[in-house]
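Right, one structure below, let's go through it.
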Amino acid sequence: MAPKTAITPTRAEDYPEWYQQVIRNADMAENSPVRGCMVIKPWGYTLWENIQRVLDKKFKDTGHVNAYFPLFIPVSFLEKEAQHVEGFAKECAVVTHSRLQAGPDGKLVPASPLEEPLIVRPTSETIIGEMYAKWVQSYRDLPILVNQWANVVRWEMRTRLFLRTAEFLWQEGHTAHATQEEAWEETRKMLDVYADFAENWMAMPVIKGEKTEGERFPGAVSTLCIESMMQDKKALQAGTSHFLGQNFAKSSNIQFLDANGEQQFAWTTSWGVSTRLVGGLIMTHADDDGLVLPPRLAPTHVVILPVLHKEETRAQVMEYCQKLRAQLKDTIWDGRPIEAEIDARDVRGGEKLWGWVKKGVPLIVEVGPRDMASDAVFLGRRDVPGLGKKPVARAEFVANVGSILQEIQDNLLARAKAYRDENTKTFANKEDFYAFFTPKNANNPEIHGGFAVAYYDGSREVEEQLKNDLKVTVRCIPLEGSDRNGTCIFTGKPNAVKAIFAKSY
RNA sequence: CGGGGUGUAGCUUAGCCUGGUAGAGCGCUACGUUCGGGACGUAGAGGCCGUCGGUUCGAAUCCGACCACCCCGACCA
């Protein structure tokens, strides 16, 4: 007997294991022989490529250009910014030798120590700052608006596919400006780009906010972020945009002569999103039957499953499917042709169907002799439980495929938004707040909690206490709808700030 | 880096206590019957039982060391 759900365990049974199984069953990625590093397989990588394609366009549309900086950074560069060292030193991979030679037992051993060790970049502020210092002489050289697509390494103790891996793929924008105002505007603008992308392409609703001092990027003056709620009601930081003030300009000596002939330090920003977005997408939309892809980012929009077991109709069915695919590929939706694939593998129908369900393809159409006879297709939608398959005339399907995809896209966002709102509560006292984040069954905690909106005094002490007691952190001070007019629900102090609290990844 | 655990086929694992040279399910291959929501039958392929050493006539099994991985903490996009 087949299980009731394509994925076991279900979300409710064991959320972390469900997450792993969704990735595995969708064939997106797997663990590699290298501890903490993943192999991103084609289905996962194509999704990342789509994310890249859309974001890259947005970066270019906002005036940025791409460049590439080295993977290796001299250790001394990291030392330049005090906060930065403290934040990243503990998790750096270090390169100390330049070659290998055969040892006495035939094993390769490192040889030729480097004069100065190199770290593998955990982020590139320091080396990019070093270059910007050379590129900037005059206010006429500013702003510099550069992005790089790269891999970075942070030697994390515990890793999870896509959400936290020792090596991950990301983009990092690094900009330098003549004025504080302009740098701030850039920081805000890129946060908006991320939020727009998350909501309108990933269908993942986000809250824009500012990090507290404790959660801030090491070396930043201010860290802005987008926070999203996963289906286990935990928060995921999905992207960050940092206002770096003049900290890195001073440590890297990015100086310019202004219009008045005076030396000034530049104002810099950095902003990034990573392959973590893929993890966020999975945990926002996937269900107990596997991945659910938002159509705008799906590697394939439509998969066509020809029903081929009757030898005498085989050729006609295939021909019909190819015609259908050609028609779909001639259809433009969301600025690109519909991606349609025919799966004619010699595999049983049910197995094939479930394979695509688990991969999250938005539309699955079965085409057999019966449909062909009435010039129809048998259409299923991934956003409907059980696919809700029904016959649709071929011409009607081709004419409406774009609007159906748009409907799925909108539906996913609306559903995710509703889930987040249902699980966001405002708290006026500490007891209720604590109860919200305490599972009923401590031994086998059920999915509980959510986003808690509450006033707090902004102190490190309260943050520490919540982390120790509940593993709850301040996710952000929302940019919209926050104020400092409350009373701290933990200490009773006045002028408290409205913040969003949650357990997080 | 602390605390706990586990290493047997591609994956999940039985066997270990009480030593006698390895069994299953999934997956894979072939053939047949099937086929519009996860088929079934038959026949196969695939393992120096994590590594090294010790005890023994004999070690997956007992002992020791090492290595690797997993889980729970601390750290984190």
Side-chain angles (χ1 to χ4, degrees), chain A residues 1-8 14 16-17 20-21 24-25 30-36 86-92 121-123 150-160 162-172 194 211 214-218 220 223 225-228 235-242 270-280 289-290 305-311 313-314 317 346-358 364-373 376-380 385-391 445 467-468 471 473 504-505:
Chain A
M1 262 308 279
K4 288 190 190 68
T5 59
I7 303 294
T8 42
D14 183 349
E17 181 60 22
Q20 305 263 98
Q21 290 302 328
R24 184 179 176 160
N25 281 280
E30 61 190 49
N31 282 310
S32 75
V34 183
R35 183 196 160 78
E86 208 181 304
F88 286 107
K90 291 175 297 226
E91 54 188 42
C92 279
R121 61 181 166 218
T123 179
N151 58 338
V152 288
V153 168
R154 298 183 188 175
W155 212 265
E156 302 288 353
M157 289 293 125
R158 295 186 60 195
T159 58
R160 298 186 69 187
F162 290 113
L163 295 174
R164 178 167 301 109
T165 46
E167 180 193 15
F168 57 95
L169 307 183
W170 77 344
Q171 59 67 219
E172 44 181 330
Y194 289 153
K211 286 293 183 188
E215 301 269 328
R216 200 177 279 159
F217 176 76
T223 289
C225 61
I226 49 172
E227 294 282 333
S228 181
L236 183 78
Q237 177 177 308
T240 47
S241 184
H242 313 292
S270 68
W271 28 273
V273 295
S274 70
T275 36
R276 168 178 270 196
L277 287 179
V278 175
D289 287 330
L305 304 180
V307 178
L308 295 171
H309 54 272
K310 288 198 181 71
E311 202 52 54
T313 53
R314 219 186 148 87
V317 170
D346 182 20
V347 173
R348 287 184 56 78
E351 207 175 315
K352 215 190 264 191
L353 176 72
W354 281 101
W356 291 108
V357 168
K358 290 186 283 190
I364 300 176
V365 296
E366 288 168 47
V367 175
R370 289 209 293 271
D371 311 288
M372 212 169 59
V377 300
F378 202 51
L379 173 66
L387 297 179
K389 288 194 290 194
K390 57 185 179 196
K467 201 168 180 179
N468 291 336
K471 291 179 194 160
T473 51
S504 78
Y505 277 94

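Predicted model only: the values in this text are computed from it and were never measured. Convention: sequence-line order gives letters A, B, ...; per-chain numbering from 1.
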Sugar-phosphate, base or nothing in reach of A:Lys358, heavy atoms under 4.0 Å: base
Write down the partner of [N] under the Watson-Crick or G-U wobble criteria, each distance required to be under 3.5 Å.
N: B:rG41; value: B:rC31
N: B:rU55; value: none
N: B:rC49; value: none
N: B:rG10; value: B:rC26
N: B:rG2; value: B:rC72

Between [N] and [M], how many Å separate the two [atom1] atoms, rounded to a whole number?
N: B:rC63; M: B:rC69; atom1: C1'; value: 23 Å
N: B:rG27; M: B:rA9; atom1: C1'; value: 11 Å
N: B:rG10; M: B:rG47; atom1: C1'; value: 12 Å
N: B:rA60; M: B:rU51; atom1: C1'; value: 14 Å
N: B:rA45; M: B:rA22; atom1: P; value: 15 Å
N: B:rC62; M: B:rG2; atom1: P; value: 27 Å

Ring geometry between A:Tyr194 and A:Trp271 (parallel below 30°, tilted from 30 to 60°, perpendicular above 60°): perpendicular
Closest listed nucleotide, where the reference is the side chain of A:Arg276 and the choices are B:rG36, B:rA77, B:rG38: B:rA77
d(CG, A:Leu379; P, B:rG36) in whole Å: 19 Å
Value in whole Å for how far the P atom of B:rC11 lies from CG of A:Asn31: 12 Å
Short N-O contact, A:Glu227 and A:Lys211, less than 4.0 angstrom: yes
B:rG36 pyrimidine/purine six-ring stacking with A:Phe378, under 5.5 Å and 30°: no
